[in-house]
Amino acid sequence: MNIIIIGAGTSARLFAQELRKKDKESKITLIEKSIENNYSICSLPYYLSGQISLNCLFNEDNLKFNNINLICPALVISIDKKNKKINYIKKNKNESINYDKLIITTGSKPFIPNIKGIDKIDYLTFYSLTDTKKLKKIISKKKLNITIIGAGYIGVELSDALIKLGQKVTLIEKSENILAQSIDSDFSKIIENELIKKGVVILTNTKINEVVKGKIILTNNEIKNDLLILCTGSKPNIELAKKSKLKINKGIIVNKYLQTSDSNIYALGDCTEYIDFFNERIVCGLASTAQKMAKLLANNFNGKKKELSVLNASISKVSDLIFGLVGQKESKKNVSSNYKTNLLKKCFNKKNNIFIKIIANNKGIIVGCQLIGITGIAPRINLISLAIKNKIHLKELINMDNCYNPSISPLFEPISIACEVCLKKIKKEYL
Ligand SMILES: Cc1cc2nc3c(=O)[nH]c(=O)nc-3n(C[C@H](O)[C@H](O)[C@H](O)COP(=O)(O)OP(=O)(O)OC[C@H]3O[C@@H](n4cnc5c(N)ncnc54)[C@H](O)[C@@H]3O)c2cc1C
């Protein structure tokens, strides 16, 4: 089989290598427009802050070793669905290549909001290595008044990196809380306070009236600005799919097998609009989801017929404070409980607070979780992901076995206690 993949980013490489493990025969070819394509986008904030070097950013290139072809730099310009052929430009020449199966992995790009004056001033985005190198160069010269618009994951991670570098950072967010799309307001306040403690000025619930050279004009005041960085979300790269008359909405529409409206064409990663575990049609930019999609499709190409079932669990940090979340947020439909404790006695480790929010439906089935703390966040988020996927009742986590050693792990697992608190809130008739 001749398999062509458009793009050679996260999901393309994961898919190609996963497929090659089981399929030694098919010809696999990646076509990529950008020379810098084999690096960890997720590590960019840590490269910016100086925590890791440029070398550390790049992944090992084992495409050749795995007999996977890469055509690069080459821009795919159209898909000829009828003749199962794609057209691309390489070194200013038009070329084409045939496929049996085509995988689109064109990723996403920053969303630029319609703010008055934005087209008249210079601004940066923080979405690629090129962006990061540009930013690193500008801030290496002097201390600046930097304004970041948008307090989602990227805006928050970027604020943290820049404040560590001694820059003056103002983070502006139109919602009432930072990370408003991901996390409940009581928990986002904890992260907000950590950023404030580190020196970031945070303006939530704030509307920008206009941006002009040197300042940002708000409704009641204005702030001095030397450098504007937009972290205002992203949108899937769907132009190619649109031109090729594939079904699109916010992203390229795929079914639970990641198939587009053309049965020979699949799509993976940020460019897709897919159905998640809760049967919601969503677009979501996460490498962890791209990885799940890549693995599923590679297995399905090898005879399995599994459906996608992703929860979009995520994790990040501000300074030493880690926050992770999975599943649904608090809502009128759900019951939730908050629980705060220390994982270990203070004499073993002073910094081991953990904030837990467990969310269940009114029958006691776990549907979500948010955690904040210094340690033990990722494994607990993964545990809850498994619980949600298996529709586990609060009672099972209350009664789960846990290990104990006073210097490593608590006698009473805090997840179990949080589940107990949650269970008490649920009407007895369902239990
Ligand atoms: C700063 C930052 C931090 C992040 N941190 C995290 C994190 O901690 N955890 C997490 O889970 N996710 C994180 N993400 C999100 C994650 O990086 C993305 O979800 C993931 O990279 C998506 O993979 P992808 O394969 O869909 O797209 P990409 O990896 O972006 O690959 C798309 C590729 O397609 C190429 N391409 C596009 N159009 C064409 C064309 N017409 N012809 C040829 N090639 C083309 C592009 O050049 C690109 O190389 C972060 C993102 C950013 C920006």
Side-chain angles (χ1 to χ4, degrees), residues 4-16 29-49 57 59 70-79 86-90 95 97 102-111 124-132 135 148 150 152-161 182 229-234 236-244 251-252 254 258 267-272 274 283-294 297 310-317 322-326 378 381:
I4 303 292
I5 305 169
I6 305 175
T10 314
S11 45
R13 285 169 180 270
L14 289 167
F15 168 73
T29 307
L30 279 64
I31 308 184
E32 166 61 53
K33 65 176 179 179
S34 164
I35 294 177
E36 275 178 332
N37 56 68
N38 189 24
Y39 65 92
S40 162
I41 300 172
C42 310
S43 302
L44 289 175
Y46 311 103
Y47 167 57
L48 178 73
S49 71
L57 212 55
N59 304 315
L70 174 65
I71 303 176
C72 177
L75 175 73
V76 177
I77 47 167
S78 63
I79 303 167
I86 63 162
N87 303 307
Y88 62 93
I89 301 175
K90 191 175 178 215
E95 309 229 7
I97 191 168
L102 177 68
I103 326 293
I104 305 175
T105 70
T106 44
S108 55
K109 59 185 171 199
F111 170 73
L124 292 183
T125 53
F126 186 63
Y127 215 73
S128 65
L129 183 53
T130 310
D131 287 345
T132 312
L135 176 57
I148 298 172
Y153 272 94
I154 296 178
V156 163
E157 287 183 8
L158 181 60
S159 303
D160 187 39
S182 328
I229 310 175
L230 297 182
C231 295
T232 35
S234 61
N237 277 326
I238 52 172
E239 289 71 21
L240 196 57
K242 190 173 176 184
K243 214 166 107 186
S244 317
I252 304 171
V254 290
L258 299 167
L268 297 175
D270 284 12
C271 64
T272 60
Y274 59 95
V283 293
C284 170
L286 280 175
S288 48
T289 300
Q291 177 265 350
K292 291 235 41 166
M293 289 178 164
L297 191 62
V310 278
L311 281 166
N312 306 310
S314 59
I315 191 159
S316 184
K317 65 178 189 163
I322 300 167
F323 52 98
L325 53 117
V326 59
I381 286 293

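Read the numbers this way: they start at 1 and go in the same order the structure lists the ligands and their atoms. For this chain, numbers begin at 1 and follow the sequence in order. Note that the structure is a prediction, hence the values are computed from the model and not measured.
- The option from Gly285, Ser78, Ala267 that lies nearest to atom 15 (C) of ligand 1, judged by heavy atoms, is Gly285.
- Here the protein heavy atom with the shortest distance to atom 44 (N) of ligand 1 is Lys33 N, 3.2 Å.
- Under 4.0 Å from ligand 1, the heavy atoms of Ile31 that appear belong solely to its backbone.
- For the pair Tyr46 and Cys42, the tightest heavy-atom approach, listed with the atom from each and the gap, is CE1-O, 3.6 Å.
- Residue Asn37 places no N or O, backbone or side chain, under 3.5 Å from any N or O of ligand 1.
- Counting only non-hydrogen atoms, the option in Cys271, Cys231, Ala287 that gets closest to atom 16 (C) of ligand 1 is Ala287.
- Partners of Ser11 by side-chain contact (heavy atoms from CB on, under 4.5 Å), not counting sequence neighbours, listed by chain and number: Thr105, Leu268, Ala290.
- Among residues two or more places apart in sequence or in another chain, the side-chain contact (heavy atoms from CB on, under 4.5 Å) test is passed with Ile238 by Pro236, Ile248, Ile252.
- Those atoms of ligand 1 that come under 4.0 Å of a heavy atom in Ser288, given as number and element, are 11 (O).
- Taking the side chain as every heavy atom from C-beta outward, Leu135 and Leu158 approach each other to under 4.5 Å.
- Among Ala294, Ser314, Cys42, Pro73, the residue whose heavy atom lies nearest to atom 3 (C) of ligand 1 is Cys42.
- Considering only non-hydrogen protein atoms, atom 31 (O) of ligand 1 sits nearest to Gly9 CA, 3.4 Å.
- The distance from atom OG1 of Thr106 to atom CD of Glu32, rounded to the nearest 0.5 Å, is 10.5 Å.
- At a 3.5 angstrom cut-off on N or O pairs, Leu286 counts as close to ligand 1.
- In this structure, Glu157 and Pro45 approach most closely via the heavy-atom pair OE1-CG, 3.3 Å.
- The residue among Asp270, Ile41, Ile154, Thr10 with a heavy atom at the shortest distance from atom 30 (O) of ligand 1 is Ile41.
- With hydrogens and angles left out, the side-chain atoms of Ser108 and Tyr127 include a donor and acceptor closer than 3.5 Å.
- Of the protein's non-hydrogen atoms, the one nearest atom 48 (C) of ligand 1 is Glu32 OE1, 3.5 Å.
- Of the heavy atoms in Ala74, only backbone atoms (N, CA, C, O) come closer than 4.0 Å to ligand 1.
- With ligand atoms numbered from 1 in the order given, ligand 1 contributes 40 (C), 41 (N), 42 (N), 43 (C) to contacts under 4.0 Å with heavy atoms of Val76.
- Closest to atom 27 (O) of ligand 1 among all protein heavy atoms lies Gly107 CA, 3.4 Å.
- Nearest heavy atom pair, residue Ser182 against residue Leu325, reads O-CD1, 3.6 Å.
- Minimum heavy-atom separation, Asp270 to Cys284: OD1-O, 3.9 Å.
- The two atoms that bring Asn237 and Cys271 nearest to each other are O-CB, 3.8 Å, heavy atoms only.
- The ligand atoms of ligand 1 that sit less than 4.0 angstrom from a heavy atom of Gly269 are 26 (O).
- No N or O atom of Ala12 sits closer than 3.5 Å to an N or O atom of ligand 1.
- The shortest N or O to N or O distance between Ser11 and ligand 1 is below 3.5 Å.
- Here's the thing with Thr105: one of its N/O atoms is less than 3.5 angstrom from an N/O atom of ligand 1.
- Here the shortest heavy-atom pairing between Tyr88 and Ala74 reads CD1-CB, 3.7 Å.
- At a 4.0 Å cut-off, not a single heavy atom of Ser40 sits close enough to ligand 1 to count as contact.
- The distance from ligand 1 to the heavy atoms of Thr106 drops below 4.0 Å at these ligand atoms: 32 (C), 34 (O), 37 (C), 38 (N), 39 (C).
- Tyr153 and Ser314 share a donor-acceptor pair across their side chains, judged by distance under 3.5 Å alone.
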